[in-house]
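Given the structure is predicted, the values throughout are model-derived calculations rather than measurements. Reminder, nothing fancy here: chain letters follow the sequence lines and each chain counts from 1.
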Amino acid sequence: MPPYESGDHPKQKKTHPIMRLSKLVGRRIKETPKDAHTPSHTFLIRGGYIRQVSAGIYTLLPLARRVTARICEIIREEMNRVDGQEVLMPVVLPGELWAESGRLTAVGPELLRFKDRNDKEMLLGMTHEEAVVHMIRTEINSYKQLPCTVYQIQTKYRDEARPRAGLIRVREFTMKDAYSFHSSQACLEEHYARLHQAYTRIFERVGLTNVLSIESDTGMMGGSTAHEFMAVAECGEDTIFMSPDQTYKANRDVARSTYKVPQEPLKPLEKIHTPGQKTIADVAGFLNVPTHKTGKAVFYTAGDDDLIFAMIRGDLDVNETKLKNHLCVSDLKAATDQQIRAAGAEPGYASPVALSGSNVRLVVDPSVKGNPNIVVGANEPGYHYLNFNLERDADEEAISLETVDIATVRPGDPCPVTGAPLTAVRGIEVGNIFQLGTKYSEPMACTYLDQSGKSRHMIMGCYGIGVGRLMAAIIEQSHDEYGPIWPAAVSPFTMHMCALNPKKAGVSEAADQLYTDLCSAGIDVVYDDRGDKAGFQFNEADLIGVPHRLVVSPKTLAEGQAEYRSRDGKRVEMISLDGASRFVTNLVVPVAPETGM
RNA sequence: CGGGGCGUGGCUCAGUCUGGUAGAGCGCUGCGUUCGGGACGCAGAGAUCGGAGGUUCAAAUCCUCUCGCCCCGACCA
């Protein structure tokens with residue numbers, strides 16, 4: 001290779017990306033790999049988009065990289081429109097930074113930690129609050145610089161216990177994460193609303209057709225208000241409850257319902273012999289009462305603290321996420337029989353009645369609180385109480401008693417807003433937004449001086465989108481039995497061109513010419529120049545999933561034409577080769593992004 | 001972390017129960033014939049059967065240990 005002349009930098013050379021299928025890295029696979037069980041996983045593998053390297057760790061081949069690049073461009077445009085500034089923070093972070101926020105110890109094995117050569121504790125970033133605070137607290141120190149929003153598109157690593165379904169749940173992934181900094185809660189809330197709109201636009205523009213914005217659990221991120229954006233899909237891991245008119249939508253972990261309590265006169269507490277009846281179903285059957293007239297006792301331990309006695313209506317189940325959030329603990333374990341007995345309760349016959357004096361934390365769901373005359377255990381093997389009434393019969397002097405919603409909502413339960421029966425759908429979490437408040441700025445001393453010269457903690461928001469997961473979600477919502485049907489905005493190519501029988505007179509010349517014309521017109525074309533049988537080429541085209549296809553063959557060439565077909569099969573027509581460039585250009589008039597907010 | 005399943009050419013699998021020198025289809029290379037919804041013929045290349053021990057004259061196959069991957073659950077910004 002001769003040295004470059006002065007001014008002849010390689011970057012300045014016009015490069016022609018390889019768009020011939022004969023040269024594209026990544027082959028199509030005819031058979032479904034045994035590991036693939038969902039449409040997106042199957043087609044990403046079969047179409048030559050991704051390859052697994054390890055559990056939850058994938059290589060993106062050129063086709064997938066083209067898709068994610070287009071997704072990232074849309075995200076960038078929308079983030080820039082809400083005043084985001086792109087940055088890039090490290091993947092490898094020092095443990096000490098996470099010690100500042102407390103998450104070094106608070107986060108479990110999901111955080112991958114390791115030592116560097118100097119025996120210093122390091123970690124792979126699973127999210128970047130600490131890193132961004134480290135950046136902002138040194139760059140921003142005046143109210144005049146607020147609000148400010150930065151974002152990055154960066155690799156994250158989470159040591160997931162169980163990766164699954166291809167790109168839906170992985171260990172290493174690319175994420176767009178944004179962080180905003182404010183001097184007031186009102187400013188945060190205003191910006192949060194703007195980001196909510198930006199997210200809605202992003203998911204529309206990438207071609208998702210069914211995305212729900214729902215109330216979500218704030219989990220380990222902390223903070224108060226949070227929303228998740230859920231792409232509705234069968235293979236989704238999350239369950240969303242919503243009212244038929246969608247005025248109420250919430251993740252199962254925060255979904256509420258209203259359980260009516262009957263009005264009836266209180267009857268006297270009565271102990272009754274119930275030998276061997278330890279489960280709700282047993283007791284209800286034995287005493288011939290409906291399960292919703294019983295009380296269920298569930299015991300947990302949190303850390304090394306006292307026993308948690310969760311009490312809920314017999315037909316309902318405790319939602320452990322709700323309970324954890326109420327107790328502000330991250331690990332909740334089912335208590336052992338010994339622990340239950342040590343607290344003065346009897347497994348299978350546990351009761352809040354005779355717990356006096358024991359160090360039990362009693363958490364009662366509202367479904368029990370006003371519910372009159374229910375059946376509960378008697379803290380004595382083989383005995384229950386009839387006509388238990390919480391306010392009257394639980395000894396509030398001796399035990400702490402909290403009433404808080406800890407129920408798991410079921411499909412058909414009444415909506416807390418409209419009262420209509422809630423329905424459940426499955427969804428893939430493609431994005432989320434959080435109002436963090438000062439959860440990180442306080443412990444990490446991220447402050448600014450306000451107008452009066454007083455030092456204050458910045459108020460933060462954070463906003464994430466999983467890029468690879470988004471690509472998979474798009475396939476989940478747009479595919480047929482043959483492959484993906486890419487929305488034009490994110491398709492790896494605009495046009496898929498086939499040359500049938502290229503050795504026949506003039507075909508390959510005409511196809512090459514068309515390919516060149518389209519490329520010159522700025523169209524992203526992938527050209528199947530391999531000369532395989534028609535059916536083979538068509539099946540591969542479907543498996544790649546480009547929304548438009550042109551075919552040149554001896555048959556079409558005889559008429560000076562090419563055949564156009566849309567991937568969804570809704571449009572098929574012959575076009576003249578002369579006017580092909582114009583036809584295609586008209587076909588793919590880009591959807592201009594909306595302007596303004 | 002509990003429960004289940006699977007590791008045999010690049011891919012999908014058979015062979016394992018009942019030990020006897022490793023197979024098929026797809027894919028790949030070459031030649032020829034075909035050519036509008038996954039063509040055909042001929043000739044080839046390619047696997048120390050996940051790994052390590054052990055039993056045996058002989059191990060893909062039996063035993064022990066181990067690693068990896070998938071699924072269900074638990075967990076999960």
Peer 1: Is B:G46 paired to anything, Watson-Crick or G-U wobble with both distances less than 3.5 Å, and if yes, which nucleotide?
Peer 2: none

Peer 1: Within the 4.0 Å limit for protein heavy atoms, which parts of nucleotides 24-37 of chain B are touched? Write it as a string from 5' to 3', B for base, S for sugar-phosphate only, - for none.
Peer 2: -BSSS------BBB

Peer 1: Check the distance between B:C71's P and A:Glu160's CD and give it to me in whole angstrom.
Peer 2: 13 Å

Peer 1: Between B:C26 and B:C69, how far is it from one C1' atom to the other, in whole Å?
Peer 2: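 Those two atoms are separated by 22 Å.
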
Peer 1: Roughly how many Å is it from CG in A:Asp159 to P in B:C1, rounded to a whole number?
Peer 2: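 Result: 11 Å.
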
Peer 1: Which base sits across from B:U16 as a Watson-Crick or G-U pair, both distances under 3.5 Å?
Peer 2: none

Peer 1: Would you check if there is a donor-acceptor pair between the side chains of A:Thr149 and A:Asp83 at a distance under 3.5 Å?
Peer 2: no

Peer 1: Which is true for A:Arg28 with a 4.0 Å heavy-atom rule: it touches a base, it touches only sugar-phosphate, or it touches nothing?
Peer 2: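 Nothing, no nucleic acid heavy atom in range.
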
Peer 1: So, using ring-ring contact (aromatic ring centres under 6.0 Å, His included) as the criterion, who are the partners of A:Tyr527 when residues are at least two apart?
Peer 2: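 A:Tyr527: ring-ring contact (aromatic ring centres under 6.0 Å, His included) contacts with A:Tyr515.
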
Peer 1: Counting the atoms with a prime plus P, OP1 and OP2 as sugar-phosphate, which does A:Ala161 contact under 4.0 Å by heavy atoms, base, sugar-phosphate, or nothing?
Peer 2: base

Peer 1: When both hydrogen-bonding distances must be under 3.5 Å and the geometry is Watson-Crick or G-U wobble, what is B:G32 paired with, if anything?
Peer 2: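 Base partner found: B:C40.
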
Peer 1: Ignoring backbone atoms, test whether A:Arg162 places a side-chain nitrogen or oxygen under 4.0 Å from the OP1 or OP2 oxygen of B:C72.
Peer 2: yes

Peer 1: Going by purine N1 to pyrimidine N3 plus the second Watson-Crick contact, or the G-U wobble pair, all under 3.5 Å, which nucleotide sits opposite B:G9?
Peer 2: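 Here B:G9 is not engaged in any pair, so there is no nucleotide opposite it.
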
Peer 1: Is any side-chain N of the basic residue among A:Arg103 and A:Glu129 closer than 4.0 Å to the acidic one's carboxylate O?
Peer 2: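 Judged by the 4.0 Å cut-off on N to carboxylate O distance, A:Arg103 and A:Glu129 do form a salt bridge.
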
Peer 1: Please report the distance separating the C1' of B:G27 from the corresponding atom of B:U12, rounded so that it comes out in whole Å.
Peer 2: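 Between the two C1' atoms, the distance is 11 Å.
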
Peer 1: Using a heavy-atom cut-off of 4.0 Å across all strands, would you classify A:Tyr463 as base, sugar-phosphate, or nothing?
Peer 2: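 No contact at all - A:Tyr463 keeps every heavy atom at 4.0 Å or more from the nucleic acid.
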
Peer 1: Tell me: CG of A:Asp238 to C1' of B:G73, nearest whole Å?
Peer 2: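 Answer to the nearest Å: 16 Å.
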
Peer 1: Across all strands shown, which nucleotide pairs with B:C62 by Watson-Crick or G-U wobble geometry, both distances under 3.5 Å?
Peer 2: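 Across all strands, the one nucleotide that pairs with B:C62 is B:G54.
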
Peer 1: Generate the contact string for nucleotides 40-46 of chain B. Rules: B means base contact, S means sugar-phosphate contact only, - means no protein heavy atom under 4.0 Å.
Peer 2: -------

Peer 1: Verify whether one side chain among A:Ser576 and A:Asp578 offers a donor that lies under 3.5 Å from an acceptor in the other.
Peer 2: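 No donor-acceptor contact under 3.5 Å links the two side chains.
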
Peer 1: With C1' as the reference atom in both, quote the distance from B:A43 to B:G5 in angstrom, rounded to an integer.
Peer 2: 41 Å

Peer 1: Going by side-chain contact (heavy atoms from CB on, under 4.5 Å), A:Ile465 matches just one of A:Ile71, A:Thr174, A:Ile202, A:Asp177. Which one?
Peer 2: A:Ile202

Peer 1: Round to a whole Å and report the spacing from CD of A:Gln52 to C1' of B:G10.
Peer 2: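 The distance from CD of A:Gln52 to C1' of B:G10 comes to 15 Å, rounded to the nearest Å.
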
Peer 1: Once you apply a heavy-atom cut-off of 4.0 Å, does A:Ala541 come out as touching a base, just sugar-phosphate, or nothing?
Peer 2: nothing

Peer 1: Does A:His41 use its side chain to pair, donor to acceptor, with the backbone of A:Pro39 at less than 3.5 Å?
Peer 2: no

Peer 1: Using a strict 4.0 Å threshold on nitrogen-to-oxygen distance, state whether A:Glu563 and A:Arg549 make a salt bridge.
Peer 2: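 Salt bridge flag = yes for A:Arg549 with A:Glu563.
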
Peer 1: Quick check: on RNA chain B, is the nucleotide nearest A:Thr32 upstream (toward 5') of the one nearest A:Glu237, or the reverse? Name the residue that is more 5'.
Peer 2: A:Thr32

Peer 1: Is any side-chain heavy atom of A:Leu97 closer than 4.5 Å to one of A:Glu100?
Peer 2: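 Heavy-atom side-chain distance check passes, below 4.5 Å.
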
Peer 1: Which value, rounded to the nearest 0.5 Å, describes the distance between A:Ser180 atom OG and A:His191 atom NE2?
Peer 2: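 Here the rounded value is 4.5 Å.
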
Peer 1: Roughly how far apart, to the nearest Å, are B:G10 and B:C6 at atom P?
Peer 2: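 About 22 Å, rounded to a whole number of Å.
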
Peer 1: My understanding is that a pair needs two contacts under 3.5 Å, Watson-Crick or G-U wobble. By that rule, which nucleotide pairs with B:G73?
Peer 2: B:C1

Peer 1: Whole angstrom is fine here: how far is it from CD in A:Glu110 over to P in B:A74?
Peer 2: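 Interatomic distance, CD of A:Glu110 to P of B:A74: 16 Å.
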
Peer 1: Looking just at side-chain N and O atoms, do A:Gln561 and A:Thr556 make a donor-acceptor pair shorter than 3.5 Å?
Peer 2: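 No donor-acceptor contact under 3.5 Å links the two side chains.
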
Peer 1: With rounding to the closest Å, how many angstrom separate the P atoms on B:G19 and B:U56?
Peer 2: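 That atom pair is separated by 16 Å.
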
Peer 1: For atom P, what is the distance between B:C49 and B:A60, given to the nearest Å?
Peer 2: 6 Å

Peer 1: Using a heavy-atom cut-off of under 4.0 Å over every strand shown, decide if A:Pro109 touches base, sugar-phosphate, or nothing.
Peer 2: nothing

Peer 1: Which whole-number value in Å describes the distance from A:Asp35 CG to B:G68 P?
Peer 2: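 One finds 15 Å between P of B:G68 and CG of A:Asp35, rounded.
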
Peer 1: Between B:U8 and B:A22, how far apart are the C1' atoms? Round to whole Å, please.
Peer 2: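 Per the computed distance, 8 Å lies between those C1' atoms.
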
Peer 1: In whole Å, I'd like the distance from the CG atom of A:Leu543 to the P atom of B:C11.
Peer 2: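 In whole Å, B:C11 P and A:Leu543 CG are 17 Å from each other.
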
Peer 1: Tell me what A:Asn432 touches on the nucleic acid: a base, only sugar-phosphate, or nothing, going by heavy atoms under 4.0 Å.
Peer 2: base

Peer 1: For the residue pair A:Tyr151 and A:Tyr179, is the inter-centroid distance of their aromatic rings smaller than 6.0 Å?
Peer 2: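 A:Tyr151 vs A:Tyr179: aromatic centres not under 6.0 Å.
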
Peer 1: Could you work out the separation of B:C71 and B:U29 based on their P atoms and round it to a whole Å?
Peer 2: 32 Å

Peer 1: Do the charged groups of A:Glu160 and A:Arg171 touch, with an N to O distance under 4.0 Å?
Peer 2: no

